[in-house]
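Predicted model only: the values in this text are computed from it and were never measured. Every chain is numbered from 1, with letters handed out A, B, ... down the list of sequences.
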Amino acid sequence: MKFLARVTRVVYEALIFLYPRDFRYSHGREMRQAFAASLSESAAQGVWKQLSYLGGALVDVASSGVAERTDRVVFAGVDWHRVLPVATGLGVLAGYAHVRSDDDVLLLTLLVALPFIYGVLRPLAAWVPALIIGIAVFAVQLASQKVVQAGMPRGDLDHLLLLPLLVAPAAALVGAMVRSAATGLATASTGR
Amino acid sequence: MTSAMFDVLLALTDGERHGYAIMQEIARRNCGKRKLGPGTLYRTVQQLLRLGLITESGERPDPAMDDERRRYYRITPAGREAARDEARRLEEIVQTARARHLLDVGGAS
C-alpha cells in the first residue's frame with residue numbers, strides 16, 4: 001500500500017503539470033500538501049478509503065487541470081461583446097459578397113485573410129472569432145438558397161458549403177503559429 | 001455560481017482560512033458526504049479570486065502555529081453579496097420543492 005501511495009504521489013505531481021504555469025506557481029505547493037494530508041487521513045480510515053481517495057484525487061486533479069487550461073486557451077481574452085458582432089458582421093459580409101459575385105477566390109481570400117490577421121493579433125483565442133466567421137459565411141450561403149438554385153434535390157447539401165467552418169479556424173491557427181514563431185525569434189535575438 | 005464556489009464562499013463567511021482548512025470545513029459541514037479534492041478546490045479559489053469574490057489575506061490568524069508560506073483567503077463584500085444571492089435562490093428552490101411535497105416539513109425526504 002505504501003508503494004501504491006508513493007506511486008500515486010509521483011503521478012499526482014506529474015498531473016499538476018496539466019495546470020498553467022502561473023496556476024502551479026500560485027497553488028501547486030499547497031495542492032501537494034493538501035493531497036498528502038488528505039491521503040494520510042484516508043489511510044487512517046482503512047485501505048478501501050485510501051484507495052477510493054487515491055482514485056478520486058487523481059481524477060480530480062486531472063479533470064480540473066484540463067478544465068483550467070482549456071478555459072485559458074479557449075476563452076482567454078475573448079471580449080464577447082466586441083468579438084461576436086464584429087466576427088458575425090464580417091462573416092455575413094464575406095458570405096454576401098460571395099453570393100453576389102459568385103467569386104470563389106474572393107471568398108477564399110476573405111476566409112483566410114481575416115482569421116489569419118486575427119490569429120496574428122490575438123493568438124490565444126483566435127479560433128473563436130474565426131469559427132464565428134465560418135458559421136456566418138455558411139449560414140449566408142445556405143440562406144441564399146444556392147443549393148436549390150443549383151438544382152440539387154431537397155436535403156442534399158453541397159458539402160463544399162461546410163468548407164468555411166474548417167478554413168477559417170485553420171487560418172487563425174496558422175496566424176497564431178506565425179505570431180508564436182515571430183515572438184520566439186524576437187526573444188532569441190534579444191537573448192543574444 | 002457553481003456549487004463548489006458557493007461551498008468555498010460559505011466556508012469563508014465566518015473567517016479567513018487557508019485552502020486545506022476550506023476543504024476540511026466543507027467536508028465537516030456536509031458530514032463527510034461531499035468533499036472537494038485539491039484540484040477542484042484550488043481551481044475554484046482561482047476563479048473566485050479572478051471574480052473578486054474572495055481576496056488573499058496578508059495576515060495569518062496564528063503565525064506561530066502555521067506554515068508561513070500558506071495563503072489565507074478572505075471573502076470580500078462582493079463575495080458575501082453573491083453568496084447571499086445564491087442562498088436566496090436556493091431557498092426559493094427548496095420552498096418550491098416543499099410546496100410540491102418533495103420534502104417533508106421537517107426536511108426529511
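Residues Y42(B) and S26(A) are not in side-chain contact: their nearest non-hydrogen atoms beyond the backbone lie 4.5 Å or more apart.
Highest contact tally toward chain A, considering only Q47(B), Q46(B), R43(B), is held by R43(B) [criterion: heavy-atom pairs under 4.5 Å].
Neither the backbone nor the side chain of A62(A) comes within less than 4.5 Å of any heavy atom in chain B. In this structure, the portions of A37(A) lying under 4.5 Å from any heavy atom of chain B include both its backbone and its side chain.
In this structure, R74(B) contributes its side chain and S57(B) its backbone to no donor-acceptor pair below 3.5 Å. Of the possible donor and acceptor atoms, one in the side chain of S101(A) sits under 3.5 Å from a partner among the backbone N and O of A97(A). S38(A) contributes no side-chain N or O that, together with a main-chain N or O of F35(A), makes up a donor-acceptor pair within less than 3.5 Å.
Linking Ile, Leu, Val, Met, Phe, Trp and Tyr residues whenever their side-chain heavy atoms come within less than 4.5 Å leaves V59(A) and L54(A) in two separate clusters. The hydrophobic clustering, which links ILVMFWY residues whose side-chain heavy atoms are closer than 4.5 Å, places L165(A) and F116(A) apart. Hydrophobic clustering of Ile, Leu, Val, Met, Phe, Trp and Tyr side chains at less than 4.5 Å, counting indirect connections, unites I16(A) with V7(A). No continuous path of ILVMFWY side-chain contacts below 4.5 Å connects L173(A) to L90(A), so the two sit in separate hydrophobic clusters.
Ring orientation note: the planes of Y72(B) and H18(B) are nearly perpendicular, at an angle over 60° on the 30°/60° scale.
Of all residues spanning residues 79-90 of chain B, none has a heavy atom less than 4.5 Å away from chain A's heavy atoms. Close approach to chain A, defined as a heavy atom under 4.5 Å from one of its heavy atoms, is seen in G19(B), Y20(B), M23(B), Q24(B) of residues 19-26 of chain B, taken by number.
At a cut-off of 3.5 Å, with distance as the only test, no side-chain donor of D103(A) or H98(A) sits close to an acceptor on the other residue.
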- For Y73(B) and E56(B), run side chain to side chain donor-acceptor pair (under 3.5 Å): C-alpha distance rounded to whole Å, both residues' side-chain angles, the deciding distance at 0.1 Å, then the answer. CA-CA 5 Å; Y73(B) 303 99; E56(B) 217 175 294; 5.0 Å; no

